[in-house]
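Side chains are part of it too, since the values below use all heavy atoms of this structure and drop only hydrogens, waters and symmetry mates. By convention here, the first residue in the shown sequence is residue 1.
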Amino acid sequence: MLTINVGVLLAVIVLLRLRRRTEARSRADEKLTVVIVLALGVVIAPTPVGEGILNALGQLASGITDSAH
């Protein structure tokens, strides 16, 4: 039986949508892309990959704020 990971499916959809030219997008199309990206974030957030991304972004943000002082 074939199983599809929802996170991987959403990531592929986002990549396909972002490859299109910007001029060809309507406002509704851009809103749909934003909703799909938010759904991808919600799906990825509780996973170990999502936690790793969060930790990396936190370290990057603290490094930037430390270098500003």
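- At a threshold of 4.5 Å between non-hydrogen side-chain atoms, the residues Leu10 and Val6 count as touching.
- Atom CG of Asn55 is separated from atom CG of Leu60 by 12.5 Å, given to the nearest 0.5 angstrom.
- Val8 and Val49 fall into different hydrophobic clusters, where Ile, Leu, Val, Met, Phe, Trp and Tyr residues are linked whenever their side-chain heavy atoms come under 4.5 Å apart, directly or through other members.
- Checked by atom type and distance alone, the side chain of Thr33 pairs as donor or acceptor with a backbone atom of Asp29 at under 3.5 Å.
- Between Leu40 atom CG and Ile36 atom CD1 the span is 9.5 Å, to the nearest 0.5 Å.
- In the hydrophobic clustering of this structure, Val42 does not group with Val37; members are Ile, Leu, Val, Met, Phe, Trp, Tyr whose side-chain heavy atoms approach within less than 4.5 Å, directly or through other members.
- Closest of all the heavy-atom pairs between Val43 and Thr47 is O-CG2, 3.8 Å.
- The cluster map of Ile, Leu, Val, Met, Phe, Trp and Tyr, joined by side-chain heavy atoms under 4.5 Å apart, puts Ile13 and Leu32 in the same cluster.
- Under the 4.5 Å side-chain contact rule for hydrophobic residues, Leu9 and Ile44 share a cluster.
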